Enquirer: 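Below is one structure. I have some questions about it.
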Amino acid sequence: MFFDTHAHYDDEKFDGVRDALIEEMHSNGVDFIINAGSDVPSTKVSIELAEKYGFIYAAAGVHPHEAGSMTEKDLDFIRRCCAHEKVVAVGEIGLDYHYDFSPRESQRYWFERQLELARELDMPVVIHSREAAQETFDIIEKSGVRKGTIHAYSGSVEMARDYIDMGFHIGVGGVVTFKNAKKLIDVVEFLPLERILLETDSPYLSPVPVRGTVNNSQNLKYIAEKISEIKQIPYAEVCSVTSKNAEVVFLEKKVVA
Ligand code: NI
C-alpha cells in the first residue's frame with residue numbers, strides 16, 4: 001500500500017523500539033522503505049537494516065552536513081556499498097546552506113563527486129537541498145544524472161517543472177499538511193501524480209495531526225490523504241500510483257523482495 005522513499009530508522013530515537021516498530025509498520029501496509037544514509041556509519045546501519053528486513057532498502061551517501069570531513073576513502077566506501085543488492089540509490093546528497101554545518105565549497109565538491117558516482121553506476125539519487133535551490137539544480141543539471149528524488153521538496157512550481165522535465169521525481173512529506181504549506185500545495189497541485197513520491201523523513205517532519213511526535217512510515221497515510229484532497233484523486237489511487245512510481249525509480253534494477 002505505501003512506499004516510504006525516505007526514512008532514517010538508524011536514528012537513536014528508535015533505539016529500544018526499532019524492531020517492534022518495523023514489524024508493526026510492515027503489518028500495517030508499509031510495503032517498502034528506503035533508509036537513507038547520511039554518512040559512513042549511518043550508511044552501514046542502513047545496509048544492516050536492509051539485510052535484516054526484506055522490505056527495507058538502503059541509500060548510500062554522505063549528507064552535506066558531513067561533507068566537511070568526507071574523504072576519498074569514504075567515497076570508495078560509498079562506491080562499494082552501491083554494489084550491494086539492497087542499495088538502490090546514492091543519497092542523501094546535496095547542499096544545505098541553511099545550517100552551513102560544512103563549508104559550502106566542500107558541500108559542492110562532494111555533491112558533485114557523488115553525483116558523478118551515481119552517473120557512472122547508473123543509479124538514482126536522493127537529493128537534499130535547503131536554501132540552495134538554484135545551485136542544487138544547476139549542479140544536478142550539469143552532472144548528467146537524470147533519475148531520483150528531490151527529497152522534501154521546498155522549491156517553486158517552475159523549478160519542480162524543470163526537475164520533472166529532466167526526469168526526476170518530487171518527494172512530498174509531512175510539510176504538505178502544515179498550515180503554512182501554500183507553496184508546496186501549489187507544487188502538488190501542478191505535478192502529475194506519476195512524478196510524486198511519498199516520504200516521511202522519519203523520525204523528523206511528522207505530519208498534522210501527529211506533528212511534533214517521532215515520525216514513522218505509518219504516518220504516510222496523512223500525507224496521502226492530503227494529496228488526495230489537493231488533487232481530488234481517490235486516496236487509494238494516490239497510494240498505489242506513488243508506490244508504483246517509487247518501484248520504477250528505485251527497484252527496477254534490483255530484485256524486489
Ligand atoms: Ni533525510
Side-chain angles (χ1 to χ4, degrees), residues 2-15 18 21-22 25 30 32-50 56-68 70 74 78 81 86-102 107 110-111 114-115 118 123-133 136 140 148-155 163 168-178 184 196-207 210-220 223 242 246 249-250:
F2 295 119
F3 192 136
D4 189 351
T5 58
H6 196 108
H8 300 280
Y9 288 106
D10 52 289
D11 194 283
E12 60 186 19
K13 290 199 181 69
F14 297 111
D15 289 355
R18 185 173 292 104
L21 176 65
I22 288 173
M25 293 189 300
V30 178
F32 297 102
I33 294 171
I34 295 177
N35 204 83
S38 355
D39 54 15
V40 166
S42 65
T43 294
K44 278 184 189 156
V45 181
S46 299
I47 294 174
E48 281 164 24
L49 285 170
I56 298 183
Y57 290 78
V62 176
H63 191 284
H65 286 346
E66 316 299 331
M70 190 171 178
D74 296 340
I78 300 300
C81 288
K86 297 293 295 289
V87 173
V88 295
V90 176
E92 57 183 295
I93 59 173
L95 301 175
D96 194 313
Y97 292 173
H98 176 73
Y99 287 107
D100 275 325
F101 286 159
S102 294
Q107 291 190 42
W110 289 111
F111 182 31
Q114 292 181 93
L115 283 167
M123 304 247 323
V125 290
V126 176
I127 302 295
H128 172 104
S129 176
R130 199 149 175 211
E131 287 174 31
T136 305
I140 293 172
T149 182
I150 314 303
H151 144 65
Y153 185 75
S154 61
Y163 271 122
F168 286 88
H169 285 67
I170 303 294
V172 177
V175 174
V176 77
T177 67
F178 295 177
L184 183 56
I196 295 177
L197 299 175
L198 300 189
E199 59 168 62
T200 57
D201 207 14
S202 294
Y204 311 107
L205 294 177
S206 292
V210 289
R211 195 172 176 182
T213 64
V214 174
N215 203 0
N216 75 69
S217 305
Q218 294 170 107
N219 294 330
L220 285 177
I223 298 160
T242 55
V249 174
F250 296 108

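Here the structure is a predicted model, which is why all the values come from computation and not from measurement. In each ligand, atom 1 is the first atom listed, and ligand 1 is the first ligand listed. Any value given below was found using the heavy atoms of this structure, including those in side chains, with hydrogens, waters and symmetry copies removed.
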Enquirer: Which atom, counting only N, O or S, brings E92 closest to the Ni ion (ligand 1)?
Expert: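 Of the nitrogen, oxygen and sulfur atoms in E92, the Ni ion (ligand 1) lies nearest to OE2.
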Enquirer: Just checking: H6, one of its N/O/S atoms, less than 2.8 Å away from the Ni ion (ligand 1), yes or no?
Expert: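 Yes.
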Enquirer: Testing the 3.5 Å rule here: is there a donor-acceptor pair between the side chains of H8 and D201?
Expert: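 Yes, D201 and H8 have a side-chain donor paired with an acceptor closer than 3.5 Å.
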Enquirer: Hey, what do you get for CD (E199) to CG (N215), rounding to the nearest 0.5 Å?
Expert: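 Answer rounded to 0.5 Å: 10.5 Å.
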Enquirer: Return the OG1 to CG distance between T200 and L205, rounded to the nearest 0.5 Å.
Expert: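 Spacing of OG1 (T200) from CG (L205) equals 8.5 Å.
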Enquirer: N/O/S atom of H8 under 2.8 Å from the Ni ion (ligand 1), yes or no?
Expert: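 Yes, within the cut-off.
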Enquirer: Can you pull the salt bridge (charged side-chain N to carboxylate O under 4.0 Å, His left out) pairs that have at least one residue in residues 91-101, sequence neighbours excluded?
Expert: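 Residue pairs passing salt bridge (charged side-chain N to carboxylate O under 4.0 Å, His left out), neighbours aside: D100-R104.
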Enquirer: Could you check which N/O/S atom of D201 is closest to the Ni ion (ligand 1)?
Expert: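 This turns out to be OD1.
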